[in-house]
Amino acid sequence: MNNREIKEWPEWEPAELIGIGGWSRVYRAVNRNHPDQQAAVKVMPVRNEEVEKVLHGIQRMKQLKGMPNIVSIEDYAIRQDGADTSTVLIRMELLRPLRSYLSDKVLSETEILRMGIDLCKGLEQCHQHGIV
């Protein structure tokens with residue numbers, strides 16, 4: 001991704017790469033018109049025959065928008081790259097990485113239990129909507 005533009009959302013500028021996974025890269029992006037607004041932008045190359053499956057998953061996740069313990073998807077776009085490949089871009093709520101959160105303090109047993117319960121509640125919502 002060009003470090004200065006996201007063609008699909010010209011008001012959003014990638015600020016830094018914040019994560020790399022097996023399927024995608026995630027960037028922190030800043031809204032040019034409202035610099036206090038930030039988002040995470042997931043950039044996922046996919047084969048064209050997989051696009052419908054990915055879109056189905058995005059639609060399911062959009063149903064969970066605003067639910068506690070689940071990241072909210074704000075928007076998505078598909079960029080046709082070639083005859084066989086596309087790039088799926090997903091703009092979502094920017095959350096603080098767990099590793100960063102844990103580096104700032106030592107969690108009490110109660111805080112650890114609360115995080116575990118919140119994680120289970122999020123997974124339960126996903127399961128109820130057929131995601132997990």
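These numbers come from the heavy atoms of this one structure, side chains and all, not from hydrogens, waters or symmetry mates.
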Query raised in the report: Rounded to the nearest 0.5 Å, how far does CZ of Arg47 lie from OG of Ser86?
Result: 11.5 Å

Query raised in the report: Does Trp9 reach the side chain of Asp75, with side-chain heavy atoms less than 4.5 Å apart?
Result: yes

Query - Min side-chain heavy-atom separation Met115-Glu111 under 4.5 Å - result: no

Requested in this report: Answer yes when Glu8 and Arg91 have at least one side-chain N-carboxylate O distance shorter than 4.0 Å, and no when they do not.
Outcome: no

Query raised in the report: Linking I/L/V/M/F/W/Y whenever their side-chain heavy atoms sit closer than 4.5 Å, directly or via other members, would Leu123 and Leu95 fall into one cluster?
Result: yes

Query raised in the report: Can you tell me how far CZ of Arg79 sits from CD1 of Ile6, rounded to the nearest 0.5 angstrom?
Result: 8.5 Å

Query raised in the report: So, the side chain of Arg60 versus the backbone of Gly130: is there a donor-acceptor pair under 3.5 Å, distance only?
Result: yes

Query raised in the report: Any side-chain heavy-atom pair from Cys126 and Ile70 closer than 4.5 angstrom?
Result: yes

Requested in this report: State, with a plain yes or no, whether a side-chain heavy atom of Gln125 is found less than 4.5 Å away from one of Ile131.
Outcome: no

Requested in this report: Specify the closest pair of heavy atoms between Val43 and Pro45, including all atoms of both residues, with the distance to one decimal.
Outcome: O-CD, 3.8 Å

Report task. Evaluate the side-chain proximity of Arg32 to Glu13: yes if any heavy-atom separation is below 4.5 Å, no if none is. Result -> yes

Query raised in the report: Is the side chain of Asp81 donor-acceptor paired with the backbone N or O of Thr87 at a distance under 3.5 Å, no angle test?
Result: yes

Query raised in the report: Is atom CD of Glu109 surrounded by more than 12 heavy atoms (other residues, nucleotides or ligands) closer than 6.0 Å?
Result: no

Report task. Could you walk me through whether Met67 and His129 pass the side chain to side chain contact (heavy atoms under 4.5 Å, CB included) test, one step at a time? Result -> CA-CA 12 Å; Met67 291 189 175; His129 285 82; 3.9 Å; yes

Query raised in the report: Counting only heavy atoms not in Arg28, do more than 12 fall under 6.0 Å of its CZ?
Result: yes

Report summary line: When every non-hydrogen atom of Trp12 is compared with those of Ala29, the smallest separation belongs to CZ3-O, 3.7 Å

Query - Approximate separation, where rounding is to 0.5 Å, of Ile117 CD1 and Ile112 CD1 - result: 12.0 Å

Report task. Quick one: pull up CD1 in Ile58 and CE in Met44 and give me the separation to the nearest 0.5 Å. Result -> 5.5 Å

Query raised in the report: How about Glu52 and Leu55: do any of their side-chain heavy atoms sit closer than 4.5 Å?
Result: yes

**Report entry** Criterion side chain to side chain contact (heavy atoms under 4.5 Å, CB included) against Ile73, the qualifying member of Glu93, Met61, Lys65
**Finding:** Met61

**Report entry** CD-CG distance between Glu74 and Leu94, expressed to the nearest 0.5 angstrom
**Finding:** 11.0 Å

Report task. Identify the two heavy atoms, one from Gly66 and one from Ser72, that lie closest to each other, and give their separation to 0.1 Å. Result -> N-OG, 3.1 Å

Query raised in the report: With side chains defined as the heavy atoms from C-beta onward, is the minimum distance between Val41 and Pro14 less than 4.5 Å?
Result: no

Query - Any Gln80 side-chain heavy atom under 4.5 Å of Asn48 side chain - result: yes

